[in-house]
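Okay, structure first, notes after.
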Amino acid sequence: MNPDHDPLLELDDVHAYLGESHILQGVSLTVPRHRVTVLLGRNGVGKTTTMRAVLGLVRRTGHIVFAGSEIGREETHDIVRRGIGYVPEDRDVFHGLTVGENLRLAERRGGRPRYDLVYELFPELKNRAKHLAGTLSGGQQQMLSLARGLLNDNDLLLIDEPTKGLAPVVVREVVEVLERTAGQTTVLMVEQNLAVARRLADHIAVMVDGTIVLNGPATRLAEDDETVRAYLSVESAVSGAGS
Amino acid sequence: ACSTSGSAQGGSDSVKVGVISSITGTYAVQAADFRNGLEAGLNYLTKGTNTVNGRKIEVTYADDTGKPAVGIAKAKSMIASGATFLTGITDSSIAIPVAQQAVQNNVIYLPGGSASYQLTGMSPLVFGNANKNGSKIFPKLLGEGDLSSKRLAYVGQDYAYGQDTYTSLKAQIDPLGIKSTEHLLPTTTTNFTAVAAQIKAENPDYIYSSWVGAGTDQLFAALRAQGVFDTSQFVGYLITRETYAAIGQALGPKGVENALFSLYYYPGFSGNDQEKFLISWSAQHKHQMEYDDPTGWNAAAMIVHAVQAGGTDVKKMASSLDDYTWTSPQGEVTMRAADHAELTPQFAVRLTQGADGSWTPVLVKAYPAKEMETPVTDPIKRQ
Amino acid sequence: MTVRKLVIPLVLAGGVALLACAPYLAVPGLGVLPDTVGSIGSLQVLGTAYVIAALAITYDLLMGYTGLVSFGHGMFFALGSYGFVMLLAFTSAGFWTAAAVAVGITVVAAVIVNAVALRASLIAYSMVTLAAAQLMAIAIGQNYLGSGGVDGVTIPFEKLPAGLVGIVNTKHVYWLALGLLVLTFVLARWLTTTRIGHVWRAIRENELRAEVMGFTTYTYKLVVALIASTLAGVAGVVYAILLGAADPGETSLSFSIGLVIMLILGGRGRVWGALLGAVVYTLLQQRLPAITSSAGVAALPDAIRIPLAQPQLLLGVVFILFVLFLPGGLAGVVEKAIRAVRRGGSGPPGDAAADGEFAAAVRVPASAEPTR
Amino acid sequence: MSNVILMIFTGLSVGAVYFLLGSGLALIFGLMRVLTFAHGAYLTACAYAGWFILRHSSLAAGPSIGTLLLALLVGVVVGGALAFLTERVLLRALYQRDHLDQLLVTAGLGFSLVALLNGIWGPDSRAVPTPPWFTRTTTDIFGAHIARGDFVLIGVAVLLLIALEAFLKHTRHGLVVRAGVENREMVRALGIDVRRSFTLIFTVGGAVAGLGGVLAALYANAVNTTIGDTYLLYAFIVLVVGGLGSLRGAAIAALAVGLLQQFANFYVNPGLGEILSFILMGAMLLLRPEGVGGKKIRLI
Amino acid sequence: MTDTESAALAVEDLSLVIDGAQILRDVTLGVATGELVAVIGPNGAGKTSLLNVVSGTMRPTQGRVALHGRDVTTASPARRARRGLGRTFQTSYLFLGLTVLENVRLAAQAKGQRFGGLWRAPGRSAAALAPIREHLARVGLDGARNRPAGSLSHGDRRKLELAIMLASGSTIVLLDEPMAGVNSEDLPSLMELIRDVQRDTDATVVMVEHHIDVVLELAHRVAVMHHGALLAFDTPENVVADATVRDAYLGEPL
Ligand SMILES: Nc1ncnc2c1ncn2[C@@H]1O[C@H](COP(=O)(O)OP(=O)(O)OP(=O)(O)O)[C@@H](O)[C@H]1O
Ligand SMILES: Nc1ncnc2c1ncn2[C@@H]1O[C@H](COP(=O)(O)OP(=O)(O)OP(=O)(O)O)[C@@H](O)[C@H]1O
Ligand SMILES: CC(C)C[C@H](N)C(=O)O
Ligand SMILES: [Mg+2]
Ligand SMILES: [Mg+2]
């Protein structure tokens with residue numbers, strides 16, 4: 001089966017708005033099954049917003065098809081229950097809840113939470129289960145956030161900068177786990193650490209100012225290094241001095 | 001008065017009366033009573049013409065909503081549009097500043113339901129209602145005979161009204177040799193067990209309460225639970241009809257049997273023409289009579305007399321009311337010149353429960369205004 | 001730019017001049033006011049609205065600009081009122097002495113209460129001020145120092161300057177109230193544009209960040225609290241003159257909540273929003289009963305009449321609708337309208353804020369804030 | 001001695017009433033961070049609902065146990081329903097906004113609801129028929145006359161504490177709401193319908209207020225439109241002293257405030273207890289801002 | 001090793017215990033004026049806590065903190081800031097409702113606080129705004145200056161933190177993971193920026209950073225923390241060569 005012909009997630013002309021700003025201006029993107037797709041782009045181009053649009057966390061229009069069904073109009077919790085794990089860029093752990101409670105909250109009804117996997121990857125979380133998540137260090141919070149995303153057996157993982165704030169050793173472990181899970185799970189991730197991106201990416205998508213300008217197999221990243229770099233160094237019209 | 005405003009002259013063909021009351025708010029019942037009594041009184045005294053000496057009595061009503069700021073604004077605007085009389089206020093915190101306005105602006109203030117002491121003796125233009133406080137009925141409720149060995153415990157709200165009531169009570173019972181203790185509690189009290197236990201420990205012969213409004217029922221329940229009513233006789237006020245049942249129930253069978261209350265107006269007692277008229281007027285207007293209906297009637301009586309005797313001169317109108325006596329549905333009423341305290345009859349009643357479960361006061365004894373006269377403590381200073 | 005700089009003060013000055021002429025205007029009050037604009041009743045209502053508006057502006061400095069939600073701001077207003085009236089009534093102090101001492105008392109109380117309350121965190125600050133105000137309410141309710149309990153205390157009017165006594169002089173009291181409002185407004189407007197005003201807003205946004213930046217936030221908060229409380233005390237004195245009395249209602253929780261409501265109606269964090277909200281609130285409160293007790297309402301069937309006959313109910317409903325549908329308050333509506341008009345004229349939408357102006361009422365989504 | 005016992009029991013029963021109202025507040029505030037000023041109005045409305053059921057009973061004999069339970073049930077249902085509607089209609093739109101907006105909308109509702117009750121039944125007190133054994137019969141413990149109702153109140157408060165704690169422990173709703181207050185979007189992004197839990201918790205809070213309202217009406221023998229506000233202030237004290245949102249903290253605080261008030265009022269000076277309650281609240285906020293049962297979190 | 005007496009920033013015997021957990025243990029560290037020190041260490045090693053104690057948002061249970069030789073152990077964060085200390089936060093910590101420009105301007109204002117100046121409006125002329133816009137331009141945010149900080153993307157917020165730092169004119173700068181979330185294309189220019197500023201103003205910089213390339217490129221010396229203690233404090237080369245550091249922190253390269 002050719003993954004390109006059977007994408008797990010497909011965005012077609014998706015527009016998203018924040019306040020009065022038009023952030024995504026017609027994003028079209030395919031995320032092939034059982035592959036890692038890395039979304040690249042400068043700060044402020046709309047990578048995070050794209051993920052949030054898939055989850056229904058921002059006002060959006062256009063078509064979003066997940067595993068064959070249109071989810072562009074569904075509510076966030078219904079979308080997520082279809083089998084999506086989300087690791088936000090801000091960590092967004094619940095500071096007032098303990099580490100254990102954070103994980104308990106992430107358990108999906110009817111599913112089998114994979115505590116063994118999570119604790120093996122981040123043993124620290126087990127030791128700190130009774131502590132408030134708000135007392136964790138930045139990196140430890142990132143671990144918790146990743147753990148919440150990995151806890152359930154999801155079909156799709158949306159991961160926004162998974163290695164941000166992690167020590168190099170841990171980055172390595174995370175990469176290995178993601179490689180392992182990629183066999184059964186589909187991953188769409190944003191990653192600024194180029195080493196990580198290179199290692200994991202099967203597919204890439206490059207964003208400039210709210211649209212996808214490049215979307216294809218990662219071999220292009222190596223071959224077309226110049227093109228990709230050219231896109232990536234385009235000053236964003238939103239945050240750049242040019243506006 | 002500092003200013004002789006043109007307002008008092010008004011239109012020479014009409015007399016303007018401004019009624020300010022809590023049409024909405026805590027004292028809405030009193031406001032409705034007052035209005036009914038006033039209208040009935042005016043109708044009766046002017047034989048339905050609503051004119052005195054050829055001058056029309058024009059009454060306007062305003063809602064103070066229980067707020068002094070609103071009440072004062074209404075008063076000022078009524079004064080500005082030529083009112084000669086202001087009346088109708090139940091809430092003391094509005095009555096006092098409005099009475100001040102009346103003095104400043106050469107307008108006559110007539111009593112509404114407010115029981116504040118500060119109104120008596122304030123000014124030649126201000127007429128107070130002294131019935132609810134400082135009444136001689138207090139000792140009468142305690143019974144005849146030698147009382148010198150008796151003890152009384154007083155419970156009241158810890159502000160001017162409750163404090164004043166105790167002061168006047170004490171002034172009446174000290175000469176009789178009755179020893180008394182006072183228990184003043186914050187108006188916001190909700191649990192009365194502590195005070196009930198204290199009173200129980202004192203084992204007084206009488207327990208006297210001037211409590212009104214929120215907390216009344218808890219107070220009675222607590223006194224009863226501690227068995228105060230088993231050993232002490234209750235004496236106190238009855239205010240609106242709505243509270244009869246709560247008080248009766250709380251007192252319990254034994255407590256209610258012994259309890260004696262004072263009442264400002266006992267419907268049906270005087271049986272005079274005025275009362276008959278008020279009763280039929282109320283029936284016509286589908287109004288349930290209460291203790292403040294005569295307050296309105298009394299205001300009407302004073303207005304009509306003042307206009308007859310004083311013409312258009314405010315000072316003359318006011319002085320015509322000094323020591324004026326009239327017949328009201330309550331009986332004979334006098335406006336005492338020295339301090340402008342309104343002397344009215346008082347009634348001692350018991351509370352009884354009818355077969356249908358409703359509670360009604362039953363007359364024990366009526367006291368005419370003369371017997372109710374208290375010493376003048378705060379005479380009006382006249383230049 | 002320069003045109004704006006000239007036009008706005010001119011318009012404001014013109015507005016004030018017009019309001020100052022109100023006592024001589026025989027324009028109909030159109031139901032908003034009890035009578036014609038220049039009538040005594042209307043002047044009294046307007047005067048009350050002005051004083052309350054001045055108070056609301058001082059509260060906006062605290063709550064709208066600095067983010068300090070006090071539930072006891074009425075306390076300082078009441079201290080001004082009670083201090084002034086009680087000094088006049090029970091001491092030989094004259095008018096000016098009483099006024100000055102009353103404001104002095106307010107300042108001392110404000111220093112004590114705020115120095116203590118500001119040590120606590122934000123929500124605790126609300127509660128400590130609530131506790132302080134309740135203690136004062138209890139003290140007044142229980143007639144401490146002759147404060148009169150529920151009756152309040154009235155001004156012995158012989159001690160007032162002759163020009164403030166009697167309804168013929170209502171216009172003087174009106175001007176006094178207007179003067180207070182103009183003074184407070186100008187002062188607040190100016191304060192909010194200064195550097196200190198910017199620090200207050202920074203504290204509202206993120207206090208710890210401001211502290212780490214080098215602002216001793218405690219001192220800044222104390223300064224704004226003192227300014228607001230002192231002005232509230234002055235407003236209290238004027239209110240006492242207007243009312244002829246000190247009124248225990250000023251100490252109640254609902255009075256202080258009323259201030260919050262005014263800011264919401266008008267739009268918090270904007271001086272003229274507070275002004276607008278307070279005026280509308282006061283007018284509604286004074287005028288709704290007239291509507292609800294009108295003959296038209298009395299004739300309605302019970303199910304409609306009962307709700308309509310309760311001004312508090314209508315006020316509550318109006319207020320709920322505002323919170324729900326006009327979160328920027330009246331000021332927000334006006335600003336939106338102005339922006340729409342300007343946009344229709346020229347310039348791209350994003351260009352409205354000039355360099356150095358605060359961003360116009362940005363609503364940062366909750367998720368954008370760091371979870372603390 | 002008998003006075004000490006009496007004061008302990010009345011202190012406990014006053015504390016129980018404070019807890020009945022305070023726990024609903026603590027639940028709502030502790031989990032949802034909504035400081036609801038409508039809570040007093042719920043209590044008042046439910047007190048009237050209870051009175052509505054009880055008023056047909058004879059005043060002398062008092063209502064039967066069945067009627068009593070019915071009144072309690074109606075109170076709980078009315079309180080729950082009011083809270084349910086409040087949450088659905090008013091609060092739901094406001095979670096993305098400042099907590100102050102939520103406070104204000106409930107304050108507006110509180111105003112309106114009390115005004116409506118005023119419009120229908122007037123400002124005067126209404127007598128609530130109470131079974132004779134509730135307020136009028138006493139049990140003697142070491143010579144102190146303790147009203148039987150006091151035992152009922154204390155019992156109900158204890159049961160309520162147990163029930164609420166069990167509810168939070170054995171369901172995920174408490175967790176969902178606490179997390180939802182911090183970051184609503186993230187809870188949704190975990191696949192949880194956060195709105196359901198919010199509605200449920202708010203409704204439970206209202207139902208608890210309803211229970212408190214009917215009991216307060218029985219306890220006072222009467223209802224009027226101010227009873228909610230009277231208790232609300234003390235419920236706030238309990239909430240604050242207990243540590244914003246801790247149920248157990250609220251229980252301890254309610255107990256402490258109740259006892260403090262009774263002893264101060266009895267042994268020193270009536271009214272002192274009320275003043276001391278506010279001083280206690282102020283002191284607590286300054287010395288231990290997180291309250292008896294609250295926890296501190298790292299800021300950065 | 002810098003003598004802690006003459007150091008711009010010195011901490012001595014610093015310990016921090018919260019609820020029985022030892023978060024910092026006897027940390028002694030001196031950073032010379034004009035030196036750029038990187039702090040590395042596993043997650044939860046205590047790096048941020050060290051910055052918190054130095055900047056005053058946390059009080060140590062034991063030990064001393066000195067800035068330019070002056071003891072500030074009990075001083076408030078604001079006092080330390082006025083002594084020239086500035087810091088950024090691990091997760092951006094900004095005035096979200098104020099514009100980007102205002103965020104930066106406040107930092108500049110904090111530097112020159114004078115009582116009289118408080119009662120004047122901040123300058124709005126082009127000349128007055130020039131230095132602020134200059135700072136914004138250096139991090140690439142001048143175009144966004146009138147937008148509320150709350151509407152910036154994550155990476156842009158990190159850049160704004162740096163601009164704030166520039167404007168504050170601090171002589172001792174603590175940076176907590178300044179590069180986290182910054183897109184890879186902008187890394188070199190921001191590194192350049194940090195180096196330039198540090199050189200031009202002779203500022204003392206302590207930077208916590210997990211980007212090992214950045215550390216190697218910028219740092220004069222590297223402090224390694226582990227379980228709250230200072231494990232090593234040496235040149236980047238020596239630290240990277242250290243076997244324990246490799247095992248506990250760096251691991252195999254990807
Ligand atoms: N609340 C908001 N209002 C207006 N614009 C916003 C808001 N939040 C974000 N934006 C803008 O939306 C654009 C896209 O933001 P997004 O967070 O998706 O970027 P990103 O590609 O993830 O950037 P980064 O790499 O920095 O995380 C940015 O230009 C940002 O400034
Ligand atoms: N308030 C607190 N209560 C309990 N533990 C705390 C508290 N603050 C910090 N800690 C713990 O102290 C340790 C050090 O935290 P710190 O934030 O300093 O780590 P860090 O070195 O900055 O880590 P990272 O690289 O992940 O940001 C962590 O284990 C953290 O959980
Ligand atoms: C007897 C009461 C109705 C009097 C009222 N409390 C007053 O203001 O004086
Ligand atoms: Mg992003
Ligand atoms: Mg850290």
Handout entry: Side-chain donor/acceptor of A/N43 to backbone N/O of E/G181, under 3.5 Å
Key = yes
Exercise for the section: Select, from E/H154, E/K47, E/E177, the one with the greatest count of heavy-atom pairs under 4.5 Å involving chain A. Expected result: E/H154
Practice task
Can you see which heavy atom on E/A180 is nearest to which on A/K164, and at what distance?
Solution key: CB-CG, 3.7 Å
Fill in the blank from the handout: Honestly, the part of E/A248 sitting under 4.5 Å from a heavy atom of chain A is backbone
Practice task
Using a 4.5 Å cut-off on heavy atoms from C-beta on, say whether the side chain of A/R91 contacts that of E/T91.
Solution key: yes
Problem - Backbone of A/Q140 reached by a side-chain donor or acceptor of E/N43 within 3.5 Å - result: no
Completion exercise
Taken to the nearest 0.5 Å, the spacing of E/Q90 CD from A/Q142 CD works out to 10.5 Å
Practice task
Rounded to the nearest 0.5 Å, what's the gap from CG on E/L187 to CG on A/N193? Could you check?
Solution key: 9.0 Å
Problem - Minimum heavy-atom distance between E/N183 and A/Q192, given as atom pair plus value - result: CA-OE1, 3.0 Å
Handout entry: Side chain / backbone / both / neither for E/D19 at chain A, heavy atoms under 4.5 Å
Key = neither
Exercise for the section: Tell me, yes or no, whether the heavy-atom count around E/H227 atom NE2, taken from other residues, nucleotides or ligands under 6.0 Å, exceeds 12. Expected result: no
Handout entry: Most contacts with chain E, counted as non-hydrogen pairs under 4.5 angstrom, among A/P168, A/G46, A/G139
Key = A/P168
Handout entry: Proximity breakdown for E/V100 and chain A, heavy-atom pairs closer than 4.5 Å
Key = neither
Handout entry: Nearest heavy atoms of A/A167 and E/G41, plus distance in Å
Key = CB-O, 4.5 Å
Completion exercise
CZ (A/R42) and OG (E/S153) are apart, to the nearest 0.5 Å, by 11.0 Å
